[in-house]
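Okay, structure first, notes after.
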Amino acid sequence: MPARKSIKTLTMKNLIILFAMSSLLLTKPEVVVAAPKAGIEKSTFGKLPDGREVDLFTLRNKAGMEVKITNYGGYIVSLMAPDRAGKQEAMTLGVPTFADYVKGTPSFGPIIGRFGNRIAKGKFSLNGQEYTLAANSNGNHIHGGRVGFDKKLWTATPIDRAEPSLKLQYTSPDGEEGYPGTLNVEVTYTLQKDNALRIDYQATTDKPTVVNLTNHAYFNLSGMKRDVMNHELMIKADSYLITDKAQIPTGERKAVAGTPFDFTKPTAIGTRINDTTDTQIRYGFGYDHCWVFTDKSNKLKLGAVVYEPVSGRVMEMYTTEPGVQLYTANHLSGRVTGPEGIAYPRRFALCLETQHFPDSPNHPEFPTTSLLPGQTYRSTTVYKFSVR
């Protein structure tokens with residue numbers, strides 16, 4: 001009997017040991033996911049017709065946000081940001097290949113210069129001398145001319161750090177596109193740790209000239225699933241600029257209160273965009289106007305907030321500029337297809353082009369866009385992404 005008891009006891013101990021061992025074998029080991037590595041990577045994007053190589057730079061932060069920028073025109077080729085479930089999707093419109101960028105896009109995210117927006121009849125006077133620019137838009141000058149900064153190959157300096165940066169430099173010779181002075185331009189893109197893309201502009205000249213730099217990114221916070229009519233927009237502006245039929249400012253500023261241009265409180269873009277009883281809506285075929293910020297300082301301030309309720313994505317826009325041109329892609333028609341294979345229809349995106357006012361050289365009452373030798377032009381805009 002004692003021997004049998006001993007055998008039974010050992011058997012129970014063995015069973016316990018075997019059970020414990022099998023439990024360890026069946027238990028999945030804990031998977032430790034490494035945090036995304038922040039930094040910047042360079043790759044070949046393509047070649048220009050003259051054989052010059054063009055590069056693509058991928059900026060990533062530790063939160064996993066990613067931005068791709070090329071030194072051809074400083075285009076934001078793609079910008080990925082998470083929705084409220086953490087899914088990363090494209091936030092900006094683009095085209096599939098480098099050849100498509102060379103062929104030309106509706107300004108899908110390049111640096112715009114020397115002068116963003118319009119100059120009436122392509123003419124302005126400075127210090128008593130008249131200058132003639134290309135009339136490349138219905139008899140007026142727009143976005144720097146026929147071969148603006150968006151069609152130039154910039155010198156790129158990647159800065160690999162926790163908040164990666166890409167410094168782009170271009171020297172615009174005296175007389176280029178009709179503008180006076182040799183203009184040395186520096187634009188730096190920085191992907192911040194708080195999921196913000198910061199753009200710093202700087203320029204100097206050797207002759208009196210005019211400068212108004214901006215970026216022309218088209219944003220869609222739905223991840224290319226819907227148009228932007230349900231995007232809720234707030235602009236911290238109490239007035240906007242009245243334009244003529246050619247969308248040249250008349251010089252009049254009008255209060256937004258009581259008009260389709262009132263975005264002082266978050267409002268879906270589609271709420272009043274088709275109010276054709278408003279002459280300005282008819283002229284712009286929707287929104288294509290410059291809002292004047294209530295805060296008139298040149299400090300970095302909140303200028304606008306965009307919220308896409310389905311994805312939960314939020315984009316805050318901060319700027320040192322006095323105004324912003326809201327453009328709701330009124331002239332897209334589905335003829336351009338993006339990298340996702342999606343044809344971009346009308347009003348599939350919105351642009352928030354921070355800037356001095358259109359046609360400022362011909363309106364002395366507007367904040368000046370003149371730049372003199374010895375002065376340095378500086379401007380900063382930040383697009384910050386988060387979720388609700």
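Residues take their numbers from the sequence shown, with the count starting at 1.
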Practice task
Could you tell me whether the side chains of Thr354 and Thr381 share a donor-acceptor contact shorter than 3.5 Å?
Solution key: yes

Problem - Carboxylate-amine/guanidinium proximity below 4.0 Å for Arg118 and Asp288 - result: yes

Practice task
Could you check if a side-chain atom of Lys121 sits within less than 4.5 angstrom of a side-chain atom of Asn140, using non-hydrogen atoms only?
Solution key: yes

Practice task
Please answer whether the main-chain N or O of Val310 pairs with a side-chain N or O of Arg84 as donor and acceptor at a distance below 3.5 Å.
Solution key: yes

Handout entry: Nearest non-hydrogen partners of Met91 and Ala81, listed with the distance
Key = CG-CB, 3.7 Å

Practice task
Mind checking salt bridge (Lys or Arg N to Asp or Glu O under 4.0 Å) for Asp206 and listing every partner two or more places apart, or none if nothing turns up?
Solution key: none

Exercise for the section: Would you confirm whether Glu308, through its side chain, and His231, through its main-chain N or O, come within 3.5 Å as a donor-acceptor pair? Expected result: no

Practice task
State, without any angle test, whether Asn117 and Glu353 hold a side-chain donor-acceptor pair at a distance under 3.5 Å.
Solution key: no

Practice task
May I ask you to test the Ser360-Val210 pair for a side-chain heavy-atom distance under 4.5 Å?
Solution key: no

Handout entry: Donor + acceptor pair across side chains of Thr97, Asp100 (<3.5 Å)
Key = yes

Exercise for the section: Please find out if less than 6.0 Å separates the ring center of Tyr287 from that of Tyr240. Expected result: no

Handout entry: Under 3.5 Å donor-acceptor, Asn195 side chain and Ser386 backbone
Key = no

Problem - Tyr72 ring center near Tyr101 ring center (under 6.0 Å) - result: no

Handout entry: Modelled atom types, side-chain donor and acceptor of Thr171 and Asn184, under 3.5 Å
Key = yes

Problem - N/O donor-acceptor pair under 3.5 Å between Ser222 side chain and Arg226 backbone - result: yes

Exercise for the section: Keeping the roles fixed (side chain from Asn220, backbone from Phe348), state whether a donor-acceptor pair exists under 3.5 Å. Expected result: yes

Problem - Residue Asp160 excluded, over 12 heavy atoms near CG under 6.0 Å - result: yes

Completion exercise
Between Pro361 and Ile119, the two heavy atoms sitting closest are CG-CD1, 4.3 Å

Problem - Shortest non-hydrogen contact from Ile112 toward Phe115 - result: CG2-O, 4.3 Å

Problem - Near-ring test Tyr179/His141, centroid separation under 6.0 angstrom - result: yes

Problem - Glu321 side chain to Ser379 side chain, donor-acceptor N/O pair below 3.5 angstrom - result: yes

Exercise for the section: Check for a donor-acceptor pair, side chain of Asp55 on one end and backbone N or O of Lys42 on the other, with a separation under 3.5 Å. Expected result: no

Practice task
Quick one: closest heavy-atom pair of Ala237 and Thr264, and the distance?
Solution key: O-CG2, 3.4 Å

Problem - Phe261 and Trp291 aromatic ring geometry - parallel, tilted or perpendicular at 30°/60° bounds - result: tilted

Exercise for the section: State whether the side chain of Thr209 and the backbone N or O of Pro180 hold a donor-acceptor pair below 3.5 Å, judged by distance alone. Expected result: yes

Handout entry: Linked, directly or transitively: Leu56 and Val187 (ILVMFWY side chains, under 4.5 Å)
Key = no

Exercise for the section: Give a yes or no answer on whether the side chain of Thr105 reaches the backbone of Ser107 with a donor-acceptor pair at less than 3.5 Å. Expected result: yes

Problem - Heavy-atom neighbours of Tyr318 OH exceed 12 at 6.0 Å - result: yes

Exercise for the section: Ignoring hydrogens and angles, state whether a donor on the side chain of Thr188 or Lys167 is under 3.5 Å from an acceptor on the partner side chain. Expected result: no

Exercise for the section: Report yes or no: does Ser311 contribute a side-chain atom to a donor-acceptor pair with the main-chain N or O of Leu221 at less than 3.5 Å? Expected result: yes

Problem - Flag side-chain contact, heavy atom, 4.5 Å: Asp200 against Arg378 - result: no

Handout entry: Qualifying residue for side chain to side chain contact (heavy atoms under 4.5 Å, CB included) with Val306, from Ile235, Val314, Leu352
Key = Leu352

Practice task
Check whether any side-chain heavy atom of His216 lies under 4.5 Å from a side-chain heavy atom of His143, and answer yes or no.
Solution key: yes

Problem - Flag, side chain of Asn215 to backbone of Gly109, donor-acceptor distance under 3.5 Å - result: yes

Handout entry: Heavy-atom check, side chain of Gln192 versus side chain of Lys384, under 4.5 Å
Key = no

Exercise for the section: State plainly whether the residues Arg347 and Asp227 are in salt-bridge range, i.e. N to O under 4.0 Å. Expected result: no

Handout entry: Asn138, CG atom: more than 12 neighbouring heavy atoms under 6.0 Å
Key = no

Exercise for the section: Answer yes if the ring centres of Phe57 and Tyr189 are under 6.0 angstrom apart, and no otherwise. Expected result: no

Handout entry: Under-4.0 Å salt bridge between Glu252 and Lys254
Key = no

Handout entry: Lys236 side chain reached by Leu302 side chain, heavy atoms, under 4.5 Å
Key = yes

Exercise for the section: Taking the side chain as every heavy atom from C-beta outward, state whether Leu183 and Phe149 have any atom pair closer than 4.5 Å. Expected result: yes

Problem - Which atom of Pro358 lies closest to which atom of Leu241, heavy atoms considered - result: CD-CD1, 4.0 Å

Exercise for the section: Scan side-chain atoms only and decide if Asp278 and Gln280 contain a donor-acceptor pair under the 3.5 Å cut-off. Expected result: no

Problem - NZ/NE/NH1/NH2 to OD/OE distance under 4.0 Å, Glu163 and Arg198 - result: no

Practice task
For residues Phe366 and His356, establish whether the separation of their ring centroids is below 6.0 Å.
Solution key: no

Exercise for the section: Tell me whether the centres of the aromatic rings in Tyr344 and Phe108 are closer together than 6.0 Å. Expected result: yes

Exercise for the section: Indicate, with yes or no, if Phe219 and Tyr307 share a hydrophobic cluster defined by side-chain heavy-atom contacts under 4.5 Å among Ile, Leu, Val, Met, Phe, Trp and Tyr. Expected result: no

Practice task
Inspect the contact between Arg114 and Glu176 and indicate whether a charged nitrogen and a carboxylate oxygen are less than 4.0 angstrom apart.
Solution key: no

Handout entry: Pairwise side-chain contact, Glu89 with Arg313, heavy-atom cut-off 4.5 Å (strictly under)
Key = yes

